[in-house]
Number of protein chains: 2
Amino acid sequence: MSTAGDHETSRLDDAARAGWLYYVAGNTQDEIARKLGVSRQSAQRLVSLAVSEKLVKVRLDHPIARCMELSHGLVEKFGLASCEVAPSDPGAPAALTGVAQLAAGDIERILKSDHPKIIALGTGRALRASVEQLPKMDCPQHRIVSLLGNMMSDGAATPYNVVIRMADRVNARHYPMPLPVFARSMEEKLLLQQQEAVHNILELARQADVTFVGIGNIGDNAPLLVDGFVSREETRALIKAGAVGEITSWVFDRSGTLIDGLTNDRVASAVLQIAPAKPVIAIAVGILKVEAILAAMRGRLINGLITDEATAEHLLNH
Amino acid sequence: MSTAGDHETSRLDDAARAGWLYYVAGNTQDEIARKLGVSRQSAQRLVSLAVSEKLVKVRLDHPIARCMELSHGLVEKFGLASCEVAPSDPGAPAALTGVAQLAAGDIERILKSDHPKIIALGTGRALRASVEQLPKMDCPQHRIVSLLGNMMSDGAATPYNVVIRMADRVNARHYPMPLPVFARSMEEKLLLQQQEAVHNILELARQADVTFVGIGNIGDNAPLLVDGFVSREETRALIKAGAVGEITSWVFDRSGTLIDGLTNDRVASAVLQIAPAKPVIAIAVGILKVEAILAAMRGRLINGLITDEATAEHLLNH
DNA sequence: CAATTAGACGGGCAATTATTCATTCAGACT
DNA sequence: AGTCTGAATGAATAATTGCCCGTCTAATTG
């Protein structure tokens, strides 16, 4: 026993020595092997032992480090395909710029591809801010398609028309949806969607290679309410039905299940797919949205998330 | 200015991201390149930037880590060719075992060589303890030579006969020095050294491929005094002449310069070389010896050191 | 005591990482 | 505008690292 213990101890000592020489002193494994009087392979084993025994601890002295941890944690916890967390600037309340830059980076990377892509977009302030961050580009090979209408029921344009703005910037073919966000009734919705142009656009959206959406909360500060798409009474009914969030105006409950009836009967936007095969990336920031984001992840309505540090903390500590 | 700053910042952010993915998440640089949307070379540059900008900090969770730092510090500060520091066991007062094992490891490594080597040995408790740690070996190709006599002036054997003990263990040719440590006078010393055998041994010692010595302090607890080689009066005279330490009974002052006259006139051991070309490694432990070790390093009487943590701390904080 | 087995070792090779070099590109200056 | 400079980039290549496999050693077991 004592012999084995000593043996193990001295092996760990050597591992520590090797780890120190490698990570702190910057020696190569060959040099370590010479200094420790062992073969290079043994030196390699010692270094890797030092790592696997957790003798070496790496710390990253940069605000980004926390973001990476959070992102990693969210990926693990909710089975996301991707997650990016922007640092929250404690000074600036307009926390959008961080995520907007991140999202813009993602979008830009996709646009740089030579292969034609179909990019589907929802709406929302965060998404709009992201598009604003895009540089001028020339991407005629791609198509940008809207997931939902850009009209109020009375025909007025909605304030956050992301598709057209983006197409402006990057010079791509684009397909805004010539529909109101909500039809006046289920029948009207079906009627509208039977138009060939609308039908084509919905089909295009279904084939999208990547989808970016916003997530809205339901309640007093809900985008849908603030922007006048639903009334106070409808909001109350939705809350009573368990609604906590919405994506492209489709309202869902805590488990991420779409609410039956109510406004969902009249939503004209493309249907959400559960556990989509292609990336569906939500851009969403804010403590108010935490419940909605959680629900969307639980229900597999999205498989990617771009958010900020503060929101990510709440999502993980829930 | 603001643009440049932003640019630099975002570059560092990316570097931090890359560093995190590499060191914390264990990604390969290829994966990082894909995730960050840059070329593999750029990913490599980002990782190395994160290192050179000190964003990644590596810590080693093992007592050895401190020893490695101390060793590195001593090498730098005193221009040593090598330095090893054994962990001090706060519980055990007999701090010798740590350094003894280290030294034994060094010696063993040399003995394993197929090329014939000449190993010169001094005396001392630490050196003796090291030899005790040697395993049984069979090394007829090497020669072990003593740097100094193993007799008291009256012909009695000295207690720490390292060479014979070591030769016992490793079965190597050995050359103990058939001389007293101190002759009775300078004339007697010269006479003794003219014997052919002695002359040959001294020449062999001069050619040694590697030399291991102990370092003694001068004073009340000095090995020379305790073991009865010098008298109290001689000790007093030496101290008055500035003596702080000795190696193979050659006494030197604070600057590592050999003291003129006194006992040095009568030392029969091989002369110390200043700034030796081959490794001359001292094995020395203890707060009492700090002054002596410092002096030996200053005077370039040694170019290698094996000591323990506590002693190393004192050497560096001096 | 022989058989078995777990673990370490080193050789060789594939994968990964670091470096060098020529080129490009943006901005500064003439 | 032309030219220079310095940074950034990608390609090529050199260096380093990680992994697999056959071999050997030592401990365990029957």
Side-chain angles (χ1 to χ4, degrees), chain A residues 1-56 58 60 105 108-109 111-114 135-138, chain B residues 1-56 58 60 101 105 108-109 111-115 135-138:
Chain A
M1 179 76 89
S2 134
T3 316
D6 288 1
H7 185 249
E8 275 314 300
T9 307
S10 85
R11 191 170 167 73
L12 269 190
D13 284 0
D14 282 345
R17 254 185 282 271
W20 193 91
L21 289 168
Y22 190 69
Y23 287 106
V24 182
N27 288 97
T28 75
Q29 297 184 352
D30 245 324
E31 294 169 313
I32 296 170
R34 271 196 298 282
K35 291 185 186 178
L36 260 47
V38 297
S39 71
R40 192 194 66 75
Q41 295 87 329
S42 298
Q44 198 276 329
R45 282 180 183 111
L46 286 175
V47 172
S48 97
L49 181 66
V51 174
S52 65
E53 291 293 328
K54 305 286 163 58
L55 296 183
V56 298
V58 181
L60 210 69
E108 194 179 332
R109 203 172 317 149
L111 290 172
K112 273 185 184 157
S113 164
D114 286 334
K136 284 271 180 201
M137 299 178 73
D138 187 55
Chain B
M1 178 79 89
S2 135
T3 316
D6 287 1
H7 185 248
E8 275 314 301
T9 308
S10 86
R11 192 170 165 73
L12 270 191
D13 283 1
D14 282 346
R17 254 185 281 272
W20 193 91
L21 289 168
Y22 190 70
Y23 286 106
V24 182
N27 284 308
T28 142
Q29 297 185 351
D30 241 326
E31 296 169 312
I32 296 171
R34 271 195 299 281
K35 291 185 186 177
L36 261 47
V38 298
S39 73
R40 202 190 59 68
Q41 292 94 323
S42 298
Q44 196 278 326
R45 284 179 182 114
L46 287 175
V47 171
S48 98
L49 182 66
V51 174
S52 66
E53 291 294 327
K54 305 285 164 59
L55 296 182
V56 298
V58 182
L60 211 70
Q101 284 178 359
E108 194 180 332
R109 201 173 317 149
L111 289 173
K112 273 184 185 157
S113 164
D114 286 334
H115 300 288
K136 285 271 180 200
M137 300 178 73
D138 186 56

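Computation of the quantities below employed the complete heavy-atom set of this structure, encompassing side-chain atoms and omitting hydrogens, waters and symmetry-equivalent molecules. Proteins get letters first, then strands, A, B, ... in listed order; numbering begins at 1 in each.
Taking atom CG of residue Leu12(B) and atom P of nucleotide dA8(D), one finds them 11 Å apart after rounding to whole Å. Distance Asp30(A) CG to dA18(C) P: 16 Å, rounded to the nearest Å. Between the P atom of dT9(D) and the NZ atom of Lys112(A) lies a distance of 10 Å, rounded to the nearest Å. Rounding to whole angstrom units, OH of residue Tyr23(A) and C1' of dT17(C) are separated by 13 Å. Taking atom CZ on Arg11(A) and atom C1' on dA8(C), their separation rounds to 7 Å, with Å as the unit. Rounded to whole angstrom, the span from the CD1 atom of Ile32(A) across to the P atom of dG18(D) amounts to 10 Å. The nearest whole Å value for the distance from the CG atom in Leu49(A) to the C1' atom in dT17(D) is 16 Å. We find that CD of Gln29(B) is positioned 15 Å from P of dG10(D), with the value rounded to whole Å.
Contact annotation: Tyr22(A) side-chain N/O to dT17(D) OP1/OP2 distance is under 4.0 Å.
Heavy-atom minimum distance, Arg34(A) versus Arg109(B): O-NH1, 4.5 Å. In plain terms, the two heavy atoms of Tyr22(A) and Asn27(A) that are nearest each other are CD1-O, 3.3 Å. Shown here for Ile32(B) and Ala43(B), the closest heavy-atom pair between the two residues is CG2-CB, 4.2 Å. Looking at every heavy atom in both residues, Tyr23(A) comes nearest to Val58(B) through CB-CG1, 3.6 Å. Annotation for Ala15(A) and Leu46(A): closest pair CB-O, 3.6 Å, computed over non-hydrogen atoms.
Within residues 33-44 of chain A, the residues that place at least one heavy atom under 4.0 Å from DNA chain C are, in residue-number order, Ser39(A), Arg40(A), Gln41(A), Ser42(A).
The shortest distance between side-chain heavy atoms of Lys112(B) and Met137(B) falls below 4.5 Å.
On a pure distance criterion of 3.5 Å, a polar donor-acceptor pair joins the side chain of Arg45(B) and the base of dG10(D).
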